[in-house]
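The block underneath contains the structure these notes are about, expressed in structure tokens.
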Amino acid sequence: MLETLLPILIFAALGLAVIGAIRRIRLWRQGRPAAVPLLKGLAALPRRYLVDLHHVVERDKMISNTHVATAGGFVAAAVLMILVHGLGLAQGVLGWLLLAASATMFVGSLFVARRRRNPPARLSKGPWMRLPKSLMAFSLSVFAITLPAVGILPADFGHWLLALVLAAVVVWGLGEMVFGMTWGGPMKHAFAGALHLAFHRRAERFSTKGGQGNRSTGLKALNLDDEAAPLGVETPADFTWNQLLGFDACVQCGRCESVCPALAAGQPLNPKKLIQDMVVGMAGGSNANYAGTPYPGKPTGEHHGSPHGPIVAPDATTGGKALVDAETLWSCTTCRACVEECPMMIEHVDAIVDMRRHLTLERGQTPNKGAEVLDNLIATDNPGGFDPGSRLHWAADLNLPLMADVKQAEVLLWLGDGAFDMRNQRTLRALVKILHAAEVEFAVLGTEERDSGDVARRLGDEATFQSLAKRNIATLSKYRFQRIVTCDPHSFHVLGNEYGELGGPDFNANWEVRHHSTFIAELYDAGRLAFAPWKGGSVTYHDPCYLGRYNGEFDAPRNVLKALGIEVKEMERSGFRSRCCGGGGGAPITDIPGERRIPDMRMNDVKETGSELVAVGCPQCTAMLEGVVDATAEVRDIAELVADALVARPAGEAVDASRRSAGKTTVEEVL
Amino acid sequence: MRPEQQGIEVAVLVSVGRHPITGRARRADQDARGLEMALGLEHQLPGSRVSLLHAGPRSEEGEAALRGYLGMGLDTLTLLEQAEGSDAIPALAEHLAAAPPQLVITGARAERGEGSGLLPYALAERLGWPLVNGLAAVEKVENGVATLLQALPRGQRRRLKVRLPAIVSVDAAAPAARQSAFGPARRAELAATAVSAEPDRELAEWQLAPARKRPKRLKIVKAASARDRFKAAAAKAEGGSGQVLEGVSAEQGAEAILKLLNEEGVLR
Ligand code: SF4
Ligand code: SF4
């Protein structure tokens, strides 16, 4: 009886799955067009899945092995089942292979079940709780129905009742695994996830046979010349189709939520919930079925949306609710911890900034100090509203060479808006001292420099960002230099990763940009700096998000500290898992209230290492961490530590004439 | 909403402002506050209509600044286009008289040009309408009479009843302007009409020079308690003890100045 029933069941499930797939694809296609190489993406899919995705999943070995067994077993079992039971090709090894595959999958599902027994808070519950049982149903029933096929059991084994029970379990398994994959069950992640990897909006993130993928963290520019192009995302359908596809790929593993500083601070943001809300919006409905951690202070079930309805209620003052509240979007520090951690490589920050763009550019609803800061940027080219003519006042006694005078230099020192901040001026002076000590030929733009546009862009004001960026690009293109060095990772990121897209045929906006820690490390390696041995206490190092996660620079600052004779006592969350200081993304400006402050939590991390000093490499981090009351550690920029330790280079090792002239020739060659 | 409260026509006069530090053109702070008040009225008195009016030359810089007002949520701005150096008052008066709104709101003082703060007065005189300056809020409008709250120094308020049409001017006591959004500002229309331009003869005779910083009276606070310090900080610098010396010799004058400097603690 089963022999006749099985092919019908299998092909019925497949047929329904195809219908579901078409429906799902139509949901994604509500989004705006995006230029994605479809065939190339599909061809790259196996590698992206097996190499890049597993690279992230592997950070948790147990889950990685579980997933390999379950997913690998399932894919093999599904294909073989179609051959063996669907087409009746049971002869030879196929049947045995199917037995092996379903057995592997069963072992995997045991581990899934074990994890679901006491699931960590970050995992979503709801339908996900039945997944291990469904996996077992599928693998066990496939195993059982294959036994007669390979001849272990006689074909007419057992009673018809047994066959009926078996058939029912097969239906359950097929239902969850094949039908549910495209109709919105937990297995949806496999279908959407595979296509999401193939059509990812940042294909550069993936490795190729030729080499590693890059971090690809720069935000994508809005086209402001086309007046018909929407400014940001108002409704779910305003996302591009591959962004919608990406949201649908979420497995609700909650890795993003477990690292989100805003959620930990009790601010109303949870990156996982945000992605799920976008899924709700794309299909239309309410968020009542969400079974994970809610946004702090916002009960689940009160928000609802539709593909063409607004994501944020237009008039928040009347208490109207849509899909998400504006505070949720403004809580994000754009630290990218969630993106770094997400096994599905979903781009949360892009989505958040897209939605912020609409709020700022179309509605003029940047909260708290946002409007004031943006007005200042427009009127004075710096967020504080300071006189742009005073940008160099801190260096009145230093006689810094101006690019306007010298026209060319080996290094262009980019000051950043920290030039207006008394605390950061100490860092800048330390950096200048180091450059002098290493006899670096450098110059500054002085009053020609403007804010890089980082804050404006992350507050959603793409127009002000592009205006600042274009004027900075025009200024930079007037001069000749080998590289830009800056002590501000935000400027570093924007100049290095976001200006390139805005260059034009007449000017190339791709410069070599270095963070000061990288540059100091290079100078030290070249023997141009010498340090007195470290005499202070224990030190830990805080990775700035925009240096580490955004630009992959984890080693240089540590190498500099090592060169100073400091042994870094690492915090539990350091390197690519570093916890944000709370200063990015305009978060201190929009200042959404939470239960705790993010910098307090970070200083607590510092305290746990028992360090007396925390070394930083970013004016924002310095300001945020120094703002913590009753801190147990001192906050110093790497440049300050280096400047304090400087000693004269031992004779003979000094920069000799040949190197100086060698440096010069390269300048000329570049010219 | 009571039935006699009905929507009114509000015209907001806006100018091209000037940022105090960089001198860049921008939406003028007071005019923007005026528009904010008008938009508030739109909310308060449903059916009200707000129109924007500017008289002056058309320039790229000026247009960007005017669009700053449109970004607060309006679709059009009527631009009475005039040559540089023309008198805005006759043009505005003519335009307003042709289709009188019930309420005209303007900033107290322009940020560029003469900045004399006389425009609302000159306009009121020409139109024969009442004028209220330093407006803090429009409380209600009933049967053609508006109840207004006027801001007086140090946080005091005065309630006034004014028959419409009227002109009101706002200063820093009015609510701060909302953010201007790029998209609506870019889409909105600048409806330009050329108007007869009378050259501003008085202005042509003026000599313009950059302002010099005026000396400020020193405020020396000798306060024992926090309360005294606060009172002193909140008080206006008062020059009650001033003394006019007339027909004195140079020596006597110098002595008086020296005495004052000693008293004030500038010299010790
Ligand atoms: S967004 Fe990514 S990390 Fe977050 S729950 Fe979904 S799959 Fe997991
Ligand atoms: S970028 Fe950082 S703050 Fe924003 S959602 Fe992700 S983890 Fe949270």
Side-chain angles (χ1 to χ4, degrees), chain A residues 222-234 238 314-315 317-318 356-382 384-391 420 447 450 456-457 459-467 471 589-590, chain B residues 1 14-33 35-36 38-40 42-44 46 50 52 60-75 111-112 172 175-190 210-211 213:
Chain A
L222 270 187
N223 179 0
L224 296 177
D225 298 329
D226 176 6
E227 294 216 8
L231 300 168
V233 163
E234 178 184 15
D238 285 338
D315 195 358
T317 48
T318 57
R356 286 183 179 186
R357 283 175 174 170
H358 174 78
L359 294 182
T360 293
L361 293 175
E362 284 294 352
R363 297 200 195 157
Q365 287 174 352
T366 323
N368 286 323
K369 291 275 170 204
E372 188 185 320
V373 165
L374 294 175
D375 277 346
N376 284 340
L377 282 168
I378 292 169
T380 63
D381 301 334
N382 67 73
F386 299 105
D387 181 356
S390 65
R391 191 176 276 270
F420 295 106
T447 52
R450 295 171 186 84
R457 186 168 235 198
L459 287 178
D461 192 345
E462 183 73 2
T464 302
F465 164 73
Q466 289 193 14
S467 152
R471 285 178 287 151
I589 297 164
T590 54
Chain B
M1 200 73 17
V14 293
S15 61
V16 176
R18 185 175 189 280
H19 191 268
I21 293 175
T22 56
R24 290 185 198 165
R26 61 162 188 176
R27 60 174 182 168
D29 179 61
Q30 291 179 348
D31 294 351
R33 286 174 190 263
L35 176 53
E36 179 65 42
L39 293 173
E42 213 176 25
H43 211 74
Q44 198 181 331
V50 178
L52 278 177
E60 206 176 299
E61 205 194 14
E63 177 167 339
L66 292 176
R67 285 194 181 275
Y69 299 105
L70 290 165
M72 293 167 71
L74 284 102
D75 298 330
E111 292 178 357
R112 50 175 80 213
R178 67 190 61 185
Q179 189 176 357
S180 174
F182 174 81
R186 183 172 71 169
R187 276 191 302 274
E189 187 198 3
L190 280 191
K213 269 211 171 115

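Order of the sequence lines sets the chain letters (A, B, ...), proteins ahead of strands, with each chain counted from 1.
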| query | Can you say whether B/Arg178 sits under 4.5 Å from chain A via the side chain, the backbone, both, or neither, judging by heavy atoms? | reply | neither
| request: Evaluate whether atom CZ of B/Arg18 has more than 12 neighbouring non-hydrogen atoms of other residues, nucleotides or ligands under 6.0 angstrom away. | output: no
| said: Tell me whether A/Asp381 is salt-bridged to A/Arg471, with the criterion being a basic N under 4.0 Å from an acidic carboxylate O. | reply: yes
| said: Out of A/Leu361, A/Leu374, A/Asp461, return the one with the most heavy atom pairs under 4.5 angstrom to chain B. | reply: A/Leu361
| Side-chain contact, heavy-atom cut-off 4.5 Å: A/Lys369 with A/Asn376? | no
| said: Does any backbone or side-chain atom of A/Leu231 lie under 4.5 Å from a heavy atom of chain B? Answer side chain, backbone, both or neither. | reply: side chain
| request: Mind ranking B/Pro184, B/Ala185, B/Ala176 by heavy-atom pairs under 4.5 Å with chain A and telling me who comes out on top? | output: B/Pro184
| field | Distance-only donor-acceptor check, side chains A/Thr366 and A/Thr360, under 3.5 Å | value | yes
| remark: Whatever's closer than 4.5 Å to a heavy atom in chain B on A/Thr464 counts as neither
| note | Turns out that what part of A/Leu359 lies under 4.5 Å from chain B's heavy atoms comes down to neither
| Is any side-chain heavy atom of A/Asn382 less than 4.5 Å from a side-chain heavy atom of A/Arg391? | yes
